[in-house]
Amino acid sequence: MKRIIIYNCYGGSHSSVTAAAIHLGMLPGTRGACNEELLSLPYYDAQVSKDHGRIRFLGWDENGNDVFVASKRNLGKQYERMMDIIARITGAPQERVIFVDTMPYVNIWMIVGGFLSRRWGFNKLGRFIVLYGTRRSYYKFIQLVQQVKQRVRTQDIWWSNEYFNI
Amino acid sequence: MNILIFDQLGCYASVAAAAYLTGRISENPSVSEISRLPYFGAHRDLQVGGIYNIGNNKNDDILHCMGTGRESWLMMTAAGDLLRLLGKEENILLVDVSKFNSGLVRAMSVIKLITPLQRIAVFLAARSLARIFPEMVGILKE
């Protein structure tokens with residue numbers, strides 16, 4: 001089953017974009033990323049307030065799953081729950097959409113830099129700080145992406161009936 | 001088809017709107033009619049994300065109310081995008097009535113959590129909604 005994987009964070013601009021890019025192989029998965037690599041990502045440090053809530057397509061992963069980024073502002077964990085309920089109401093299979101919360105891996109540098117850059121318009125200073133923060137948390141994002149891919153693989157094995165054919 | 005109505009806690013303006021759509025109340029309901037609606041002021045905390053199934057309307061559409069806190073506008077966008085991704089935009093109609101919950105209703109939703117004041121808080125919230133109800137009906141008819 002092809003899945004819709006939605007990485008989400010407060011503004012959909014830094015941590016979710018970084019994790020989604022690692023997932024898609026747009027950023028290295030075995031070493032740290034440099035500033036140029038991060039800044040070259042689509043949507044990195046580019047969201048504005050009116051875009052909040054939009055689910056933005058970033059690419060297809062190696063298994064053909066669609067990978068998206070989204071912002072959820074103050075909804076926190078409830079965002080995933082509410083979107084899951086809405087998906088269920090439509091009758092979509094429960095495993096079709098995977099929401100990945102990247103907020104637990106956001107550090108204080110990313111918060112301060114993100115606010116300076118996106119909310120208050122101090123782009124240069126904010127970007128400098130948020131890049132530093134992103135690089136500091138980078139290996140945590142790699143680990144998160146590995147867990148997500150593992151989860152997708154496990155579900156694939158389960159749903160492809162391989163367990164039952166042994 | 002499903003109709004999903006958003007407001008701050010999913011149990012004030014949204015419940016009244018859903019009740020109107022199911023035909024339980026008229027265009028000019030009394031305060032007691034609103035305050036006695038099932039799920040009106042049903043929240044037990046201020047947690048968003050609560051969902052209430054209100055019932056079906058005459059076209060057999062299923063009505064749900066959902067609490068989205070102060071981010072109803074964001075959920076309208078996000079849910080709309082999700083439905084498009086799933087190819088199910090025809091299955092759900094999204095309605096946001098959070099703007100009809102006045103400051104008084106929002107204050108009463110907090111005071112309602114103080115057990116001895118529950119009834120008066122629900123009554124005052126219903127009274128505030130009854131005043132603005134005709135305006136909300138105008139939006140719902142659209």
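In what follows, chains are A, B, ... by sequence order, proteins preceding strands, each numbered from 1. Values below: all heavy atoms of this structure, side chains included; hydrogens, waters and symmetry mates excluded. Predicted model, so just to flag it, every value in this text is computed and none were measured.
- A continuous path of ILVMFWY side-chain contacts below 4.5 Å connects A/Tyr139 to A/Ile22, so both sit in one hydrophobic cluster.
- Clustering ILVMFWY residues whenever any of their side-chain heavy atoms sit less than 4.5 angstrom apart, transitively, puts A/Met82 in a cluster other than the one holding B/Ile54.
- The neighbour count for A/Gln147 CD, taken as heavy atoms of other residues, nucleotides or ligands under 6.0 Å away, is above 12.
- Linking ILVMFWY residues whenever their side-chain heavy atoms come closer than 4.5 Å, directly or via other members, leaves B/Val105 and B/Phe6 in distinct clusters.
- Between B/Ala78 and A/Ile55 the shortest heavy-atom distance is O-CD1, 3.6 Å.
- Other residues, nucleotides and ligands contribute more than 12 heavy atoms inside 6.0 Å of the CD atom of A/Glu62.
- Judged by distance alone, the side chain of A/Arg81 and the main-chain N or O of B/Gly49 form a donor-acceptor pair under 3.5 Å.
- The side-chain heavy atoms of B/Met75 and A/Met83, taken from C-beta on, include a pair separated by under 4.5 Å.
- For A/Tyr79, the part lying under 4.5 angstrom from a heavy atom of chain B is the side chain only.
- The distance from atom CZ of B/Arg70 to atom CG of A/Asn74, rounded to the nearest 0.5 Å, is 6.0 Å.
- Between A/Gly53 and B/Thr77, the shortest heavy-atom distance links the atoms C-CG2, 3.9 Å.
- Annotation: side chain of B/Trp73 is in contact with side chain of A/His52 (closest heavy-atom distance under 4.5 Å).
- Under the 4.5 Å side-chain heavy-atom criterion for grouping Ile, Leu, Val, Met, Phe, Trp and Tyr, B/Phe40 is not connected to B/Ile51 through any hydrophobic cluster.
- Hydrophobic cluster membership is shared by A/Met103 and A/Val100, with clusters built from Ile, Leu, Val, Met, Phe, Trp and Tyr side chains linked at under 4.5 angstrom.
- What you find for A/Ile86 and B/Ala79 is that their closest heavy atoms are CD1-CB, 3.6 Å.
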Verdict with supporting geometry, B/Leu86 and A/Ile4, side chain to side chain contact (heavy atoms under 4.5 Å, CB included): CA-CA 9 Å; B/Leu86 294 169; A/Ile4 293 168; 4.0 Å; yes
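- Around the OH atom of A/Tyr43, the shell of radius 6.0 Å holds more than 12 heavy atoms that belong to other residues, nucleotides or ligands.
- Separating the CG atom in B/Asp81 from the CZ atom in A/Arg56 is a distance of 9.0 Å, to the nearest 0.5 Å.
- Side-chain contact check for A/Ile89 versus B/Ile62: every heavy-atom pair is 4.5 Å or farther apart.
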Walk me through it: do B/Leu82 and A/Ile6 pass the test side chain to side chain contact (heavy atoms under 4.5 Å, CB included)? CA-CA 10 Å; B/Leu82 180 69; A/Ile6 302 174; 4.3 Å; yes
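- The minimum heavy-atom distance linking A/Thr90 with B/Asn91 is given by the pair O-ND2, 3.5 Å.
- The number of heavy-atom neighbours closer than 6.0 Å to CZ of A/Phe128, taken from other residues, nucleotides and ligands shown, is 12 or below.
- Enclosure of atom NZ in A/Lys140 is not indicated, since only 12 or fewer non-hydrogen atoms of other residues, nucleotides or ligands lie within 6.0 angstrom.
- Nearest heavy atoms, B/Gln47 versus A/Gln78: NE2-NE2, 3.0 Å.
- With a 4.5 Å cut-off on side-chain heavy atoms, B/Leu85 and A/Phe68 count as touching.
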